[in-house]
Amino acid sequence: MPSLTAALRNEYEALFNRCVINPGKAKLVAGLVDKLLANRGRYDAVSKLTGVPWHFIAVTHNMESSQNFARHLHNGDPLTARTVQVPAGRPASGSPPFTWEASAVDALAMKKLGPDIDWSLAGTLYRLELYNGWGYRTYHPETLSPYLWGGSNHYVSGKYVKDGVWSPTAVSDQCGAAVLLRRLAELGQVRFVTAAQTLPRYATTRPKETAVASQVESLQRWLSGFPQIFLKVDGVPGPNTSNAYKAVTGQYLPGDPRG
């Protein structure tokens with residue numbers, strides 16, 4: 001599995017910054033985004049339980065089950081039974097039929113996703129590509145994954161038509177997760193943390209580790225750049241900083257008891 005190196009981080013950020021939604025897909029993307037926003041309450045509820053940003057859950061739901069709340073977030077199988085496709089047998093506990101929320105929490109936990117993950121722009125795109133798998137990057141690096149970039153200027157053709165079967169001429173008709181995030185960002189519905197690679201945890205005192213305290217100060221400076229946010233840059237990741245982070249991203253800092 002590739003690591004999120006500085007080079008890969010720069011690649012994700014450059015691709016996202018240059019991403020243009022294909023005119024022929026604009027209406028479809030707009031409709032998908034409207035539907036995601038209409039159901040944000042359900043994504044927020046799972047986000048609160050897991051610490052995973054709502055927008056990651058939302059676009060994954062679109063990619064894995066076409067925003068169908070009767071399907072598992074794992075892979076789109078019906079909630080009336082445990083999953084059959086990979087990963088099979090999920091959720092391992094409980095009895096079907098499962099609620100969408102319970103299955104979503106299980107899917108994110110199985111992927112070890114939570115509040116301590118790097119949820120910057122690059123970190124989010126990395127986790128989305130990991131969620132789908134590294135087949136494109138590993139075996140067909142000439143084709144950017146349509147799971148991320150389908151429907152944009154970054155994707156023309158080439159896809160796996162079924163597990164392990166590649167076609168260079170087949171074209172994915174899905175709108176990629178990064179493309180949906182791009183539209184959400186254009187609408188001002190999503191902001192990505194860029195001040196720190198890993199978020200500092202909530203605390204009411206200044207961290208003893210110099211590097212962590214410096215990280216908090218960087219985050220406070222970044223947050224203070226948003227309208228009506230006025231933070232003292234003191235290196236304390238307490239209530240004020242956590243409130244400001246929530247105002248910008250929709251999430252409290254990891255470890256905040258309110259989150």
Side-chain angles (χ1 to χ4, degrees), residues 1 28-29 31-119 121 123-136 145-151 159-160 162-163 172-185 189-190 192 249-251 254 259:
M1 179 180 77
L28 176 58
V29 170
L32 292 172
V33 166
D34 285 346
K35 189 175 178 182
L36 291 175
L37 291 172
N39 288 308
R40 178 166 176 175
R42 298 191 75 169
Y43 301 129
D44 279 334
V46 173
S47 177
K48 186 173 182 179
L49 291 171
T50 62
V52 177
W54 79 269
H55 49 269
F56 180 93
I57 301 167
V59 298
T60 302
H61 187 214
N62 182 79
M63 302 308 297
E64 297 296 329
S65 51
S66 301
Q67 302 189 43
N68 188 338
F69 285 97
R71 303 275 173 168
H72 288 283
L73 185 65
H74 303 77
N75 55 21
D77 284 346
L79 290 170
T80 50
R82 300 189 197 283
T83 56
V84 175
Q85 302 178 79
V86 178
R90 306 299 306 193
S93 61
S95 300
F98 299 98
T99 66
W100 179 82
E101 285 76 8
S103 176
V105 168
D106 181 76
L108 298 169
M110 190 191 72
K111 295 285 188 178
K112 298 181 179 179
L113 299 176
D116 296 327
I117 295 295
D118 173 4
W119 291 118
L121 169 58
T124 298
L125 298 179
Y126 173 81
R127 291 290 166 178
L128 284 167
E129 189 165 2
L130 175 60
Y131 202 102
N132 183 240
W134 298 109
Y136 290 90
S145 172
Y147 192 87
L148 291 180
W149 305 110
K159 65 173 288 190
Y160 286 95
K162 58 182 179 179
D163 288 348
S172 172
D173 60 1
Q174 276 192 303
C175 294
V179 175
L180 297 176
L181 287 176
R182 171 73 194 202
R183 184 57 186 149
L184 284 166
Q189 296 293 330
V190 173
F192 299 97
T249 70
Q251 303 290 322

Between S47 and G51 (side chain of the first, backbone of the second, donor and acceptor by atom type, cut-off under 3.5 Å), is there such a pair? no

Before you tell me yes or no, could you show the steps for L108 and L49 under side chain to side chain contact (heavy atoms under 4.5 Å, CB included), namely the whole-Å CA-CA distance, both residues' side-chain angles and the distance that decides it to 0.1 Å? CA-CA 10 Å; L108 298 169; L49 291 171; over 6 Å; no

Can you name the closest pair of heavy atoms from K159 and S172 and give their distance? CD-N, 3.7 Å

Between Q85 and N75, which heavy-atom pair has the shortest distance, and what is it? O-ND2, 3.0 Å

Please check if the side chain of S66 supplies one atom and the backbone of N68 the other of a donor-acceptor pair under 3.5 Å. no

Of all heavy-atom pairs linking V179 and G150, the shortest is CG2-O, 3.3 Å

Do the two ring centres, one from Y131 and one from Y147, sit under 6.0 Å apart? no

Contact between F56 and L181 at the side-chain level, heavy atoms closer than 4.5 Å - yes or no? no

If you compare all heavy atoms of S103 against all heavy atoms of H72, which two are closest, and at what distance to 0.1 Å? OG-ND1, 2.6 Å

With the side chain counted from C-beta on, respond yes when L36 and V59 share a heavy-atom pair under 4.5 Å apart, and no when they do not. yes

Which residue pairs satisfy the salt bridge (Lys or Arg N to Asp or Glu O under 4.0 Å) criterion with at least one member in residues 85-109, sequence neighbours excluded? R42-E101, R90-D106

4.5 Å side-chain heavy-atom contact, T99 and L79: no

For the side chain of N62 and the backbone of A58, is there at least one donor-acceptor N/O pair under 3.5 Å apart? no

is_close_aromatic(W134, Y160), centroid dist under 6.0 Å: no

Not counting sequence neighbours, list each pair that qualifies as a salt bridge (Lys or Arg N to Asp or Glu O under 4.0 Å) and has a residue in residues 69-86. none

Inspect the surroundings of NZ in K48 and state if more than 12 heavy atoms from other residues, nucleotides or ligands are less than 6.0 Å away. no

To the nearest 0.5 angstrom, please state how far the CG atom of L121 sits from the CG atom of L125. 5.0 Å

Taking T83 for its side chain and G89 for its backbone only, find out whether a donor-acceptor pair lies under 3.5 Å. yes

Going by heavy atoms in the side chains, are L184 and L37 under 4.5 Å from each other? yes

Less than 6.0 angstrom separating the ring centers of Y43 and H55, yes or no? no

Quick check against the 3.5 Å criterion: does E129 have a side-chain atom that pairs as donor or acceptor with the backbone of L148? no

Measuring from atom CG of L28 to atom CG of D173, what distance do you get when rounded to the nearest 0.5 angstrom? 9.0 Å

Apply side chain to side chain contact (heavy atoms under 4.5 Å, CB included) to L113 and T50, showing your working. CA-CA 8 Å; L113 299 176; T50 62; over 6 Å; no

Given side chains that start at C-beta, do those of M110 and P87 come closer than 4.5 Å, heavy atoms only? yes

Validation row: D163, V86 side chains within 4.5 angstrom (heavy atoms): no

Is there a side-chain contact between W54 and V190, using heavy atoms and a 4.5 Å cut-off? yes

Over all heavy atoms of both residues, which pair between V29 and C175 is shortest? Give the atoms and the distance, please. CG2-SG, 3.6 Å

State yes or no: are the ring centers of F192 and W119 separated by less than 6.0 Å? no

Quick check: W100 with H61 (ring centres under 6.0 Å apart)? yes

Taking every heavy atom of I57 against every heavy atom of V52, the minimum-distance pair comes out as CD1-O, 3.6 Å

